[in-house]
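Working notes, beginning with the structure itself.
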Amino acid sequence: QVQLVESGGGLVQAGGSLRLSCAASGRTFSQYAMGWFRQAPGKEREFVAAISGNGDITYYGDSVKGRFTISRDNAKNTVYLQMNSLKAEDTAVYYCARWTYSSSPRDSAAYDNWGRGTQATVSS
């Protein structure tokens, strides 16, 4: 079982940046592919980004491609989400989770061990 804790959310103006972190417990972190999702009030959970265990393969949702970057530091058991050029529509609770490879990285059903999330709010 992996425990995940997100941090780094906050309030930022449109055009600004935030870096989210997802810290994982356990000694086999480098074996896990990881992903970020987000959920805005009244909307379904949306795929943001995913990364392979060694960090050499990444995936992005269409709405964040070119603005967000997912990365990981396996020595620190941490996955990051660098968010640049933020827009008001990026406002959401951001969650990290472990991708089980059971289906597409864009499918939330393919993830387990969800964290509790961190709120990112972008003011326009």
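It should be emphasised that the depicted structure is a prediction, and the values quoted were computed from it without experimental measurement.
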Just how far is it from atom CG of Asn74 to atom CE of Met34, taken to the nearest 0.5 Å?
-> 10.0 Å
Could you list all the disulfide (SG to SG under 2.5 Å) pairs where at least one residue sits in residues 27-57, not counting sequence neighbours?
-> none
Side-chain heavy-atom pair Val79, Ile70 within 4.5 angstrom cut-off | yes
With a 4.5 Å heavy-atom cut-off, do Arg45 and Trp114 have their side chains touching?
-> yes
State which residues pass side chain to side chain donor-acceptor pair (under 3.5 Å) with Arg19; sequence neighbours excluded, sorted by chain then number.
-> none
Straight-line distance of Ser30 OG to Asn54 CG, nearest 0.5 Å = 8.5 Å
What residues, two or more places apart in sequence or in another chain, satisfy side chain to side chain contact (heavy atoms under 4.5 Å, CB included) together with Asp62?
-> Lys65
By side chain to side chain contact (heavy atoms under 4.5 Å, CB included), Ser124 pairs with (sequence neighbours left out) Ala88
Can you name the closest pair of heavy atoms from Ser52 and Asp56 and give their distance?
-> OG-OD1, 2.8 Å
Answer yes or no: is there a side-chain heavy-atom contact under 4.5 Å between Leu20 and Thr118?
-> yes
Heavy-atom nearest pair, Ile51 first then Ser71, reads CD1-CA, 3.6 Å
The side chain to side chain donor-acceptor pair (under 3.5 Å) partners of Tyr111 (sequence neighbours excluded) come to none
Smallest separation among heavy atoms of Phe29 and Arg72, with atom names = O-NH2, 3.0 Å
Side chain to side chain contact (heavy atoms under 4.5 Å, CB included) evaluation trace for Tyr59 with Phe47 | CA-CA 10 Å; Tyr59 306 84; Phe47 171 72; 3.9 Å; yes
Please name the pair of heavy atoms, one in Ala49 and one in Leu81, separated by the smallest distance, quoted to 0.1 Å.
-> CB-CD1, 4.2 Å
Residues Ala24 and Val2: closest non-hydrogen pair is CB-CG1, 4.0 Å
Can you list the residues that meet the side chain to side chain donor-acceptor pair (under 3.5 Å) rule with Ser104, with sequence neighbours excluded?
-> none
With sequence neighbours left out, what residues match Phe68 under ring-ring contact (aromatic ring centres under 6.0 Å, His included)?
-> none
Locate the shortest heavy-atom distance separating Ser21 from Thr78; write the atom from each residue and the value.
-> CB-CG2, 4.1 Å
Indicate, with yes or no, if Val48 and Val5 share a hydrophobic cluster defined by side-chain heavy-atom contacts under 4.5 Å among Ile, Leu, Val, Met, Phe, Trp and Tyr.
-> no
Sorted by chain and residue number, the side chain to side chain donor-acceptor pair (under 3.5 Å) partners of Ser103 (sequence neighbours excluded) come out as Asp107
Who are the ring-ring contact (aromatic ring centres under 6.0 Å, His included) partners of Tyr80, not counting sequence neighbours?
-> none
Going only through I, L, V, M, F, W and Y residues with side-chain contacts under 4.5 Å, is there a path from Trp99 to Ile57?
-> yes
Kindly indicate, with the supporting measurements, whether the criterion side chain to side chain contact (heavy atoms under 4.5 Å, CB included) is fulfilled by Gln39 and Glu46.
-> CA-CA 6 Å; Gln39 189 164 20; Glu46 177 189 13; over 6 Å; no
Listed partners of Lys43 passing side chain to side chain contact (heavy atoms under 4.5 Å, CB included), at least two apart = Ala40
What distance do Gln3 atom CD and Arg98 atom CZ have between them, rounded to the nearest 0.5 Å?
-> 12.0 Å
Min side-chain heavy-atom separation Leu4-Cys22 under 4.5 Å = yes
Can you pull the side chain to side chain donor-acceptor pair (under 3.5 Å) pairs that have at least one residue in residues 83-95, sequence neighbours excluded?
-> Ser17-Asn84, Arg38-Asp90, Arg38-Tyr94, Arg67-Asp90, Gln82-Asn84
Those residues at least two apart in sequence (or on a different chain) that pass ring-ring contact (aromatic ring centres under 6.0 Å, His included) with Tyr32 are none
Got a second to check how far Phe37's CZ is from Glu44's CD, nearest 0.5 Å?
-> 12.0 Å
